[in-house]
Amino acid sequence: MLNTLRLYYGLCRHFLYLEEMKGKESSKSCRPDLQAGRIINTSEMSVNRSRKSPGQVPGVEIGDIFYFRMEIACIGMHGPLQAGIDYISSSSIASSRGPDQSQHYDTPIAVSIISSGVYDSKDDGEVLVYTGQGGRGSADKKKPHEDQKLERGNLALEGSMKHALPIRVIRGVKDPSSPTGKVYTYDGLYRVVGCWTETGKSGFEEYKFRLCRLPRQSE
């Protein structure tokens with residue numbers, strides 16, 4: 001994993017240098033983080049992504065800090081670059097009993113979430129009330145607000161609750177010193193212990209998920 005991260009940041013510096021050399025001659029800005037991730041993924045140099053599964057990601061420790069969503073994706077922590085919920089749509093996931101065994105589930109299974117305060121979430125460290133995905137309208141009002149539905153990531157979080165599976169929680173906080181304006185910290189494994197709907201600030205129904213941090217983990 002460390003080799004992948006070193007390569008990722010080396011590529012980021014390379015593309016950033018090329019952008020600086022272009023200066024004002026460049027008609028558009030190319031994201032160095034996305035270009036670096038694209039090379040790593042297309043060259044099959046990403047890690048921990050071949051068999052997506054819930055639980056700890058090898059090589060990642062609680063408190064590890066990241067600066068790019070693509071960086072997190074390249075090491076298999078959280079795949080989507082925008083969605084806050086990463087999940088397995090297949091009904092079969094890798095089992096802890098051995099590399100050649102799997103356990104079958106009748107629902108999608110969530111493997112990780114990123115809590116960045118975009119939705120109306122509540123968080124005291126040990127207990128996180130996470131708002132589900134969907135339902136938000138666009139700023140130009142071309143897409144109206146609507147009730148959230150029990151589908152995709154929301155259905156997967158309910159599936160993880162049903163089967164008592166752990167979920168990786170990554171927190172994103174604003175940081176002006178970061179290249180992206182945010183830093184992301186891995187905070188360990190949580191378990192979904194409750195699910196309900198309530199009316200949000202927009203006046204539409206939202207799914208809420210209560211996650212509790214598993215005991216005996218590092219602070």
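The analysis underlying the following values was restricted to heavy atoms, covering all of them including side chains, and did not include hydrogens, waters or symmetry mates. Numbers here simply count residues along the sequence, with the first being 1. Not measured: the values here are computed from a predicted model.
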Check: Donor-acceptor pair, Q148 side chain versus G135 backbone, under 3.5 Å?
Finding: no
Item checked: salt bridge (charged side-chain N to carboxylate O under 4.0 Å, His left out) against R213, all qualifying residues, sequence neighbours excluded -> D187
Next item on the list: Give a yes or no answer on whether the side chain of Q133 reaches the backbone of G153 with a donor-acceptor pair at less than 3.5 Å.
Entry: yes
Next item on the list: Go through the steps for T107 and H163 under the test side chain to side chain contact (heavy atoms under 4.5 Å, CB included), then give the verdict.
Entry: CA-CA 9 Å; T107 64; H163 299 291; 3.7 Å; yes
Check: Should V183 and L34 be regarded as members of a common hydrophobic cluster, given that ILVMFWY residues are connected when their side-chain heavy atoms come within less than 4.5 Å of each other, either directly or indirectly?
Finding: yes
Item checked: H145: ring pair (Phe, Tyr, Trp, His ring centres under 6.0 Å) partners, not counting sequence neighbours -> none
Check: If we only count heavy atoms from C-beta on, is the V60 to F66 side-chain gap below 4.5 Å?
Finding: yes
Checklist line | Partners passing salt bridge (charged side-chain N to carboxylate O under 4.0 Å, His left out) against K162 (at least two apart in sequence or in another chain) | finding: D106
Notebook entry, point to check: Can Y186 and Q56 be said to form a side-chain hydrogen bond (donor to acceptor under 3.5 Å, both in side chains), step by step?
Noted result: CA-CA 11 Å; Y186 174 54; Q56 193 71 14; 2.9 Å; yes
Check: Do N41 and C74 have side chains that get closer than 4.5 Å, going by heavy atoms?
Finding: yes
Notebook entry, point to check: Is there a side-chain contact between I114 and R69 (heavy atoms, below 4.5 Å)?
Noted result: yes
Check: Has the side chain of R191 got a donor or acceptor atom that lies under 3.5 Å from a matching backbone atom of L214?
Finding: no
Margin query: Has E198 got a side-chain atom pairing as donor or acceptor with K208's backbone, closer than 3.5 angstrom?
Written below: no
Check: With distance as the sole test, does E206 use its side chain to make a donor-acceptor pair with the main-chain N or O of T131 at under 3.5 Å?
Finding: no
Check: Between D147 (side chain) and E205 (backbone), is there a donor-acceptor pair under 3.5 Å?
Finding: yes
Margin query: Tell me if a side-chain donor or acceptor on R168 pairs with a main-chain N or O of G55 at a distance below 3.5 Å.
Written below: yes
Check: Taking C-beta and beyond as the side chain, do I88 and V111 meet within less than 4.5 Å on heavy atoms?
Finding: yes
Check: OG1 of T197 to CG of N154: how many Å apart, nearest 0.5 Å?
Finding: 11.0 Å
